[in-house]
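Have a look at the structure below, then the notes.
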Amino acid sequence: MGRAIVENDFIILDQQAPLVEGEFCGGCPQRFVGERRVEPDGNGTSGIMIVGDSPWKDEVRLGKPFAGAAGAFLDKHIFRRLGVKRQDFTLTNSLWCRPPYLNWTDRGGPEVAEALMHCTPYLDQLISRIRPKVIIAMGNVAMRRLVGVDGVMKRQAYVHDSRYGIPVIPTLHPSFIMQDNHKYTPAMYFAFRRAQEIVEKGGFDRLPVTYSLDQTLPDVEKYMIEQGYSVDLPLAVDIETPESDKIPEDSDELEEKAGQTIVRCGLSWRPGTAVTFPWTEPYISWLQGLLARQRVVVFHNKSFDLPRLERYGVMVSGRVYDTMWMWHFLQSDLLKSLEFVAPFYTDLAPWKHLNNGQPDLYNAIDNDATIRLFYKLKEWLEKQKRWERFEAHCVEADRILTRMGKLGVMVDVQARDTMQQSLRQDIARLDGEIQGLVPNSILPRKVLKTDRTIKGLPPEERAKWESYTARCDCSLQPDGTYSTPSPKCRRCKGSGLTTLWRTSMRFNWNSTEQVKELARAKGLKIPLKRGEDREALEAKTLKQFGKRHQVFLNILHARQSQKLITTYDWPLNAEMRATTVYGFHPSTWRKSSRSVNLQNIPKRNDLAELFRRTLIAAPGHKLVEADSAAIEAVLVGYAAGSARLIRLAKAGVHDWFMSHVRASRDGGRGIDPNLPYPELVKACAEAKWYDKHLPAHEQIREACKRCIHGTDYGLTPYGMADEYPDEFPTKKIAAEMQEMYLGLLPEIREWMRTTRERAEWQTYLDNHYQYRHYFFSVFKWDSQYNRWVLGNDGKRCIAFVPQSDGSAIQTEDLLTLDTIEGVGDWLRLIIHDSFVLEVPDSEIEYACQTLYNVQSRPRPELGGLTIGSEVKVGSNLADQEVWHP
DNA sequence: GCTATAGGCGCC
DNA sequence: AAACGGCGCCTATAGC
């Protein structure tokens, strides 16, 4: 039996593996616990050596590196796809042991590499004996051992020089990828392709570079002429801000939180070139002139750089490309930072660590990398015949979206103040009631270790504190027990007892922990979060608990009110408008809205109407909202190749389904799906009307709707009952309804099956507008039950096509609307399946008709499919009246 | 005091 | 066995 050396996930030796206790691993200077010697495998004829972590259970048992699951993964996703055999490589472990003084959180560095070297001299011996042409380091441990640096995610796929004179390419460890990180599979595949290429070419050379670092302006201009700069060439631009290095790894996150100050800027127009200069005169004025003339400008993440440049009066008038979106169009679910993307398309060595030491060089390489990405990504998109689509759906659409986002939506500030006032009063009242209903015993307590603070307080404040006697910390042992108190202790003077002060704080109903405590105190059982092993006290449970204890309803209402005040208290510009930045962040190429998010404006909640009334049109204007009717339901029908389902989705599939559910319960017959369309629409409308006028407890439309929406995206009966207990009191009831739905429309189940199979064997799916999404874990092998089960992508791949087609349709409409006289200027919001426009009163009819025409036109990409349009008009977002064509 | 994460919840 | 896809933003909390 092995034993844990250090108590964390890195060091614990596997308990089932046979270990040789107490032996030393080669020249290891430290005592360690055991080794599991596993001899290298493979004949190495490919010239590539694969170095892994230390041996794990299966590897020790079988005496082979990369045995077991990790090996199977390599076989399936790498060796088979490359058309090579495992035996062609040299496979080995980087360690035979886990050195006891090494911790998972240790940073790499020469000393760590040195220590590891001592532990595993056999690896050096093996490398000298085999002389591989390239080494692939799998995972952080192997990378640290071979190149002495840490952080494999930031260095994967880069070619590293090593002390062996052999290029080392780090990649992620298969066991990491297999732990719900399947999206990184292509990154590993790339590392192998890159290794093969180096072997084929007989070595690895980097493109020579010449950069102009902080030269005088005349020298910069001279350099640019020498290096072939032209106003007609795409020009990469990248700025640095003082906080640049604090932006998280996936750099598109939190971009708005970084400072607005620019400290440096750089340019590049050809691979291997770059100028970089400090953000001072004369460079700023010079850059203003340059970017005003440049025909094409390239950024990596323009929503970071462009607003900051504009703040300094540097305007870009040319066409703007964003390499981040180009990459995202190719690989929609991988990280978007320049650092992550660069190795796939350039020969650059890692450079991000230069940020502090050599900021000039750092910025120069940023620019060089960006221009290289531009050309390579363009080449790939053209090769896939997707460049035109990218130009339209990203570059063109982005122009419109940027304009829309900057205009935003007008807020009635006075109405908002009034609403917030009233909400605050509600919260105060609810809070008072809640505090009165919470037992003292569960109030959070604050403890003071000395009475100094208390003595200084005014009497009425002091009254809130109570003193109590506790054991003095001077005798507290690390294990939580108390030993003999020290006579020298200044606080207890050897008595072991001391006086502390405590006070009860107010109950914080925003704290999930405190509300859970309250529920427990009331003897309530908190349900587990679906699919997880933890208690969760969400709104639906608060509602449930509220039936017996008013306090939980009060908490729910107080939270809802507070959410409306905080989340939706948007900062406004001088025109009293809330603005946003649209992006393409979702992997489905839906559009996102950030800072502020204008795509989650309350709609169904009790307070929604109140809030929506504060979103108004400017004087003399109206807000026109146009929704694509049931768009995803229609698109599911189209994807499933079911004319019947398309017809039903348009006519009202919820009502049609409801009629069948009702028929099965009460006898009679459901609506015939083959009725002529007008009759079908009429029958559905009647069914809906009928349901609506039944007593509330007999209404079933909501349940039918939930069932359809959920089932279309893989919701199980368990999930239905869990999520909507009011509609589905038991799992059985949910299962019956789902069965009936799938029984009436078997093509849905068939579509899901074929979609999953195609996603699995292609490893990707395309929508009908050339959007692509990769999937590497549609199915996974359940070794415990010996069968295939749905993997991480099993449901995601079902959602992709309808969701992304929906977004593509919206983008098509956006592009069309923008070309129509006047209409483009009125665009304000996009919310996945709808537009909001701010239209002058005199143009309302024209705008409504235009929106209707555009949204309901046939879609050639979908075989002429049409989707319904519902247009509404009002002076605010709450009071909207339906417009009839 | 700051940052990262977890839990929760608004939308389609 | 696991249990609904895609987002962005807020508060509380914990760790530094």
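Lettering follows sequence order; numbering is per chain, from 1.
- If one axis is set at each end of the helix from B:dG1-C:dC16 to B:dC12-C:dG5 from five pairs, those axes are 10° apart, to 10°.
- Under the 30°/60° scheme for interplanar angles, the aromatic rings of A:Trp570 and A:Tyr568 are found to stand perpendicular.
- In this structure, A:Arg758 places its CZ atom where only 12 or fewer heavy-atom neighbours from other residues, nucleotides or ligands lie under 6.0 Å away.
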Evaluate the ring pair (Phe, Tyr, Trp, His ring centres under 6.0 Å) criterion for residues A:Tyr638 and A:His768: first the C-alpha distance (whole Å), next the side-chain angles of each, then the deciding distance (0.1 Å), finally the verdict.
-> CA-CA 10 Å; A:Tyr638 183 78; A:His768 298 92; 5.0 Å; yes
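- Taking the six-membered ring where tryptophan is involved, the planes of A:His709 and A:His654 are tilted, since the angle between them lies from 30° to 60°.
- Distance, A:His709 NE2 to C:dC4 C1': 12 Å, rounded to whole Å.
- Rounded to an integer number of Å, the gap from A:Leu528 CG to B:dG8 P is 12 Å.
- In this model, the phosphate group of C:dC10 is not approached by any side-chain N or O of A:Arg559 to a distance below 4.0 Å at OP1 or OP2.
- Residues of residues 532-541 of chain A that place a heavy atom closer than 4.0 Å to DNA chain B, in numerical order, are A:Arg534, A:Ala536, A:Leu537, A:Glu538, A:Ala539.
- In this model, the phosphate group of C:dC7 is not approached by any side-chain N or O of A:Ser592 to a distance below 4.0 Å at OP1 or OP2.
- If you check C:dG6, B:dC11, C:dC9 against the side chain of A:Asn600, the one that comes closest is B:dC11.
- Between the side chain of A:Arg590 and the base of B:dC12, at least one donor-acceptor pair of N or O atoms lies under 3.5 Å.
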Treat primed atoms plus P, OP1 and OP2 as sugar-phosphate and everything else as base, then score nucleotides 11-16 of chain C 5' to 3': B for base contact with protein heavy atoms under 4.0 Å, S for sugar-phosphate contact only, - for none.
-> SSS---
Between A:Asp431 and A:Arg424, is a salt bridge (charged side-chain N to carboxylate O under 4.0 Å, His left out) present by the stated rule, with each step listed?
-> CA-CA 10 Å; A:Asp431 179 62; A:Arg424 282 198 190 92; over 6 Å; no
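- Among the heavy atoms of the strands lying under 4.0 Å from A:Ser587 are primed sugar atoms or P, OP1, OP2 only; no base atom is included.
- Where stacking is scored as ring centres under 5.5 Å apart with planes under 30°, A:Tyr718 registers as stacked on the base of C:dA3.
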Run the numbers on A:Gln770 and A:Asp766 for side chain to side chain donor-acceptor pair (under 3.5 Å), then give the verdict.
-> CA-CA 6 Å; A:Gln770 296 176 296; A:Asp766 288 331; over 6 Å; no
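- Residue A:Pro725 comes nearest to A:Gln544 through the heavy atom pair CG-OE1, 4.3 Å, listed as atom of the first residue, atom of the second, then distance.
- A:Phe611 comes within 4.0 angstrom of nothing in the nucleic acid, heavy atoms only.
- Counting any heavy atom pair closer than 4.0 Å across all strands shown, A:Ser807 reaches no nucleic acid atom.
- In this pair, A:Phe775 and A:His773 present their aromatic rings parallel. The plane angle is below 30°, not in the 30 to 60° band.
- Within the 4.0 Å cut-off from OP1 or OP2 of C:dC4, at least one side-chain nitrogen or oxygen of A:Thr716 is found.
- In this structure, A:Gly714 reaches the sugar-phosphate backbone alone: every heavy-atom distance under 4.0 Å involves primed, P, OP1 or OP2 atoms, never a base.
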CA sep, side-chain torsions, deciding dist, call: A:Trp325, A:Phe584, ring pair (Phe, Tyr, Trp, His ring centres under 6.0 Å) = CA-CA 7 Å; A:Trp325 298 139; A:Phe584 302 92; 5.4 Å; yes
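- For the side chain to side chain contact (heavy atoms under 4.5 Å, CB included) test with A:Phe835, the passing option among A:Val854, A:Leu817, A:Asp627, A:Leu829 is A:Leu817; the others fail.
- Between C:dC9 and A:Arg594, no contact under 4.0 Å exists linking OP1 or OP2 to a side-chain N or O.
- Taking for each of A:His832 and A:Lys780 the nucleotide of DNA chain C with the nearest heavy atom, the 5'-most of the two is the partner of A:Lys780.
- For a distance-only test at 3.5 Å, the side chain of A:Tyr568 fails to qualify as a donor-acceptor partner of the base of B:dC9.
- No hydrogens or angles were tested; on distance alone, a donor-acceptor pair under 3.5 Å links the side chain of A:Lys563 to the base of B:dC9.
- Proximity of A:Arg530 to the phosphate of C:dC4: a side-chain N or O atom is located under 4.0 Å from OP1 or OP2.
- Checked against B:dG10, B:dC12, C:dG6, the side chain of A:Lys603 finds its nearest nucleotide in B:dC12.
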